[in-house]
Amino acid sequence: MPNCILEAKDIRKTFLFKGALVVVLDKLQFSIQEGQFVSIVGPSGCGKSTFLELLAGITKPDNGNIYLEGNEITGKTGFLGYMPQDDLLFPWLTTMQNILLPVKVQGKDEKEAKKKIIELLPLFGLMNYTDHLPYQLSGGLKQRVALLRTYMSSAEILLLDEPLAKLDALTRSQLQTWLKDIVHLLNLTVILVTHDIDEAIMLSDRIDLMSINPGTFMESIELDRNSPLSAEEQLKLKTKIRSKLVNEEEKSGNSNKNGEREKSDKVI
């Protein structure tokens with residue numbers, strides 16, 4: 001059995017809003033096994049991205065602890081590879097220079113790292129773009145560069161915050177298939193935040209659904225990446241997940257004046 005590599009226990013996070021403390025996350029429990037792909041899905045504002053930032057050490061919980069292989073990493077950066085929605089590539093650096101950034105920051109051997117990157121470039125579809133600047137790359141290529149840069153941080157777990165959300169539908173579909181292959185070939189452990197239910201079903205070993213006000217995990221759905229669901233099974237599961245998310249939004253008051261849920265592709 002794979003080992004539990006990352007755990008978050010009793011996480012609570014509040015923010016100050018208009019002079020009052022707002023509880024964003026409360027009593028949150030999470031764990032992931034080595035080699036697992038877990039997608040986190042929930043209503044807008046439930047704290048999905050905040051949770052990834054806590055795992056990455058960008059912010060610190062008010063209460064609770066985060067453990068990587070049994071060692072506490074609460075509030076500490078550099079242990080998990082974090083990729084936000086925006087690619088955040090430095091516009092004056094080439095593809096190769098951007099990918100090498102984590103290696104430089106960590107003070108590792110750049111020559112050896114460059115050899116490894118050159119080996120990985122075909123897998124990431126970047127072999128013809130090493131000297132390109134970000135403005136010369138398409139949105140899909142930028143995300144490939146950003147993912148390879150995140151991978152070169154040598155972190156055991158990758159945290160992906162809606163990395164494909166801003167791409168057009170065709171490019172997004174292509175990159176979903178590509179990402180699924182990359183995760184398998186490199187045996188990655190991944191936590192993905194997404195609003196795309198189809199994306200979560202396609203990529204995941206497990207989908208964790210979040211509630212809102214405050215955010216916490218309300219249900220985990222186990223999947224088998226090696227045994228894809230039939231079209232009928234996918235539709236049934238998607239309908240189930242969408243229904244739960246709509247109910248959460250309605251409970252939180254995210255409805256319009258007519259009492260109808262505002263249309264949003266974030267839960268459709």
Side-chain angles (χ1 to χ4, degrees), residues 6 13 15 24 37-40 44-45 47-60 66 68 73 75-108 110 113-114 116-118 120-121 123-169 171-172 174-176 178-180 182-183 186 188-196 199-200 203 266:
L6 179 72
K13 180 65 178 178
F15 288 113
V24 180
F37 193 118
V38 175
S39 289
I40 298 175
S44 296
K48 300 182 296 298
S49 295
T50 297
F51 179 55
L52 280 199
E53 291 175 356
L54 291 171
L55 293 178
I58 297 170
T59 58
K60 192 172 182 179
I66 298 166
L68 178 64
I73 60 167
K76 299 177 182 178
T77 60
F79 289 93
L80 306 181
Y82 175 64
M83 179 178 166
Q85 185 176 127
D86 295 320
D87 58 72
L88 299 183
L89 300 178
F90 286 89
W92 58 87
L93 297 181
T94 66
T95 292
M96 178 62 77
Q97 290 169 335
N98 266 294
I99 295 170
L100 275 170
L101 272 178
V103 180
K104 290 178 176 288
V105 171
Q106 295 169 358
K108 295 183 178 179
E110 291 183 36
K114 197 168 183 178
K116 183 177 180 180
I117 292 169
I118 290 171
L120 289 169
L121 286 174
L123 189 60
F124 281 76
L126 296 171
M127 52 280 193
N128 298 321
Y129 302 97
T130 53
D131 295 324
H132 285 58
L133 293 171
Y135 82 90
Q136 298 172 308
L137 302 175
S138 67
L141 286 172
K142 288 179 183 177
Q143 293 306 85
R144 289 171 184 254
V145 174
L147 185 63
L148 181 49
R149 180 179 63 183
T150 304
Y151 177 72
M152 289 305 297
S153 68
S154 298
E156 297 178 73
I157 300 173
L158 302 187
L159 310 175
L160 309 181
D161 192 355
E162 298 194 78
L164 310 182
K166 294 186 177 180
L167 303 177
D168 63 83
T171 303
R172 182 168 187 162
Q174 292 171 338
L175 283 193
Q176 285 169 349
W178 169 79
L179 180 58
K180 185 174 184 178
I182 286 288
V183 169
L186 298 180
L188 302 177
T189 303
V190 178
I191 302 171
L192 170 73
V193 160
T194 180
H195 281 109
D196 188 326
E199 182 173 273
L203 295 172
K266 294 182 177 180

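Predicted, not measured: the structure shown is a model, and the values here were computed from it.
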Query raised in the report: If you measure from the Lys or Arg side-chain nitrogens to the Asp or Glu carboxylate oxygens, is any gap between E162 and K48 under 4.0 Å?
Result: no
Query raised in the report: Is D86 salt-bridged to K166, going by a charged N under 4.0 Å from an acidic O?
Result: yes
What's the separation between atom [atom1] in [X] and atom [atom2] in [Y], rounded to the nearest 0.5 Å?
X: L80; Y: S153; atom1: CG; atom2: OG; value: 9.0 Å
X: D196; Y: R172; atom1: CG; atom2: CZ; value: 4.5 Å
X: K114; Y: T130; atom1: NZ; atom2: OG1; value: 8.0 Å
X: I40; Y: F51; atom1: CD1; atom2: CZ; value: 5.0 Å

Query - L147 side chain near W178 side chain, heavy-atom distance below 4.5 Å - result: yes
Within a reach of under 6.0 Å around [atom1] of [X], are more than 12 heavy atoms found that belong to other residues, nucleotides or ligands?
X: K180; atom1: NZ; answer: yes
X: Y129; atom1: OH; answer: no
X: F15; atom1: CZ; answer: yes

Requested in this report: Assign the ring pair Y151 / F124 to parallel, tilted or perpendicular, where the plane angle (0 to 90°) is split at 30° and 60°.
Outcome: tilted
Requested in this report: For R149 and D87, run side-chain contact (heavy atoms from CB on, under 4.5 Å): C-alpha distance rounded to whole Å, both residues' side-chain angles, the deciding distance at 0.1 Å, then the answer.
Outcome: CA-CA 10 Å; R149 180 179 63 183; D87 58 72; 5.6 Å; no
With no hydrogens and no angle check, is any side-chain donor or acceptor of [X] less than 3.5 Å from a backbone partner on [Y]?
X: K13; Y: K60; result: yes
X: D161; Y: V193; result: no
X: Q143; Y: P163; result: yes

Requested in this report: Check each of I99, L133, L100 against T94 using the side chain to side chain contact (heavy atoms under 4.5 Å, CB included) test, and report the only one that passes.
Outcome: L133
Query raised in the report: Could you walk me through whether T95 and L141 pass the side-chain contact (heavy atoms from CB on, under 4.5 Å) check?
Result: CA-CA 10 Å; T95 292; L141 286 172; over 6 Å; no
Report summary line: All heavy atoms of L68 vs all of I73, minimum pair found to be CB-CD1, 3.8 Å
Query - Heavy-atom pair of closest approach, residues P134 and L89 - result: CG-CB, 3.9 Å
Report task. In sequence, state the C-alpha distance, the side-chain angles, and the governing distance for S154 and K108, and then conclude on side-chain contact (heavy atoms from CB on, under 4.5 Å). Result -> CA-CA 11 Å; S154 298; K108 295 183 178 179; 3.3 Å; yes
